[in-house]
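Residues: numbered from 1 along the sequence shown.
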Amino acid sequence: MARTISIANQKGGASKTTTTVNFAAVLFFVLGKKILLIDSDPQGNLTDHLGFDIDDADQPTIYEVLKGDVDVKDAILDYKGIDVLPADIALSSAEREFTQVGSEHRLKKALQPVMDDYDFILIDTPPSLGILTVNAFTVSDEIIVPVEAAYFSLKGLVKLNETIETVKEFTNNHLIVRGVLFTKFNEKYNISKEMVSSAEQISQVINAPIFDTRIRRTVKVDESQAAGVDLLSYHDASTAEEDYKAFAKEYLEKIGELDG
């Protein structure tokens with residue numbers, strides 16, 4: 001059965017989508033893992049990042065899957081061998097539509113037919129803590145929290161932890177936070193160094209370690225997004241590509257799937 005991971009931080013701009021896409025790319029292209037990417041953000045950033053234009057009325061998305069109108073297998077798209085469950089703005093209706101008892105289990109129920117088809121399922125969550133994020137946490141084994149090395153990105157961790165604890169109490173008592181991943185890191189700036197110290201304190205609050213790997217800030221991330229590809233598929237190598245490879249190795253070591 002697939003290991004399911006939510007990439008989450010309620011603050012936008014923390015590189016959730018960048019981390020989801022490039023973590024998946026390393027797992028697939030370098031390590032040969034079978035991957036399903038899920039875009040659960042109504043903004044559809046992951047879908048856009050991978051070059052999909054969901055204007056075709058005949059192309060179902062995660063919204064139709066969550067409503068039960070479409071089987072998940074019929075909504076999956078292919079990105080260079082990685083399966084993708086896309087999203088578009090229609091998903092914004094979920095917060096007002098999915099109010100019935102048990103709505104937090106919609107994604108878990110929808111994914112049951114494909115859980116054995118993948119090694120990893122990665123979920124790009126929205127920058128909010130509503131029903132879509134709760135659905136992601138309910139089906140997930142663990143959470144990775146990307147944090148930009150800046151003050152306001154860190155404050156949200158406390159609120160995020162409250163949501164995690166609620167999900168653990170009511171819908172998924174096996175959920176864990178695997179760790180905090182620093183993104184957009186520039187060791188030359190004092191603010192990055194100061195935020196490492198602050199995050200170490202906050203990580204104690206959410207009972208999660210900080211990954212040793214730090215994703216360095218580089219314009220290549222923006223360029224690859226504009227090109228509609230992951231960093232490994234982009235024609236220019238970058239420090240961030242190196243960092244995501246190091247992060248994937250560190251992650252697999254932590255879960256015991258790779259010798260240190």
Side-chain angles (χ1 to χ4, degrees), residues 1-12 14-17 19-20 23-24 36-42 46 62 65-66 72 85 87 91 94-95 97-112 114-116 118-147 153-183 198-211 247 250-257:
M1 182 173 289
R3 182 182 291 266
T4 305
I5 307 166
S6 282
I7 313 297
N9 186 326
Q10 73 179 78
K11 184 182 183 301
S15 296
K16 290 190 299 292
T17 300
T19 295
T20 308
F23 183 27
L36 172 63
L37 285 177
I38 298 178
D39 191 345
S40 69
D41 184 351
L46 183 144
I62 186 174
V65 172
L66 290 174
V72 64
L85 181 57
L91 187 58
E95 295 295 338
E97 288 185 22
F98 301 158
T99 57
Q100 306 92 334
V101 174
S103 285
E104 62 272 15
H105 293 277
R106 285 175 178 265
L107 184 57
K108 183 176 182 179
K109 180 179 179 181
L111 291 178
Q112 287 304 312
V114 299
M115 290 298 289
D116 291 331
Y118 303 99
D119 297 309
F120 292 94
I121 296 174
L122 306 184
I123 307 174
D124 186 23
T125 63
S128 66
L129 299 175
I131 189 64
L132 294 171
T133 298
V134 170
N135 262 265
F137 289 177
T138 297
V139 72
S140 291
D141 299 298
E142 55 195 63
I143 299 168
I144 292 171
V145 185
V147 172
S153 181
L154 300 176
K155 290 179 65 177
L157 291 181
V158 174
K159 195 70 177 178
L160 175 65
N161 185 60
E162 293 175 0
T163 300
I164 293 169
E165 290 301 317
T166 299
V167 169
K168 288 170 66 175
E169 181 177 0
F170 293 105
T171 65
N172 183 2
N173 62 359
H174 299 297
L175 183 65
I176 66 168
V177 181
R178 180 61 62 183
V180 174
L181 174 67
F182 274 104
T183 64
S198 298
E200 286 171 349
Q201 298 174 12
I202 294 177
S203 73
Q204 295 177 7
V205 174
I206 65 173
N207 193 30
I210 297 174
F211 287 104
F247 168 65
E250 181 183 359
Y251 171 82
L252 291 177
E253 288 173 352
K254 285 184 180 295
I255 66 171
E257 290 198 13

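Residues Tyr118 and Leu111 are not in side-chain contact: their nearest non-hydrogen atoms beyond the backbone lie 4.5 Å or more apart. Annotation: side chain of Thr17 is not in contact with side chain of Asp41 (no heavy-atom distance under 4.5 Å). At least one side-chain heavy atom of Leu91 sits less than 4.5 Å from a side-chain heavy atom of Leu132. In this structure, the side chains of Met115 and Ile121 come closer than 4.5 Å at one or more pairs of heavy atoms. Ile5 is not listed as a side-chain neighbour of Arg178, based on a closest heavy-atom distance of 4.5 Å or more. Annotation: side chain of Ile123 is in contact with side chain of Ser140 (closest heavy-atom distance under 4.5 Å). The closest side-chain heavy-atom distance from Val180 to Ile206 is below 4.5 Å.
Side-chain contact, Glu169 with Thr166: no donor N or O sits under 3.5 Å from an acceptor N or O.
Between the OG1 atom in Thr4 and the CG atom in Asp141 there is a gap of 5.0 Å [rounded to 0.5 Å]. Separation of atoms CG (Asn207) and CD (Glu165) is listed at 8.0 Å; rounding is to 0.5 Å. The structure places CE of Met1 at 5.0 Å from CG of Asp116, a figure rounded to the nearest 0.5 Å. Taking OG1 of Thr133 as the reference point, atom CG of Leu160 lies at 8.5 Å (rounded to 0.5 Å). A distance of 10.5 Å separates CG of Asn172 from CZ of Phe137, quoted to the nearest 0.5 Å.
Paired with Ile38 under the rule side chain to side chain contact (heavy atoms under 4.5 Å, CB included), one option of Thr20, Asp124, Leu85, Val65 passes, and it is Leu85.
Classification of the Tyr251-Phe211 ring pair by plane angle, with boundaries at 30° and 60°, yields tilted.
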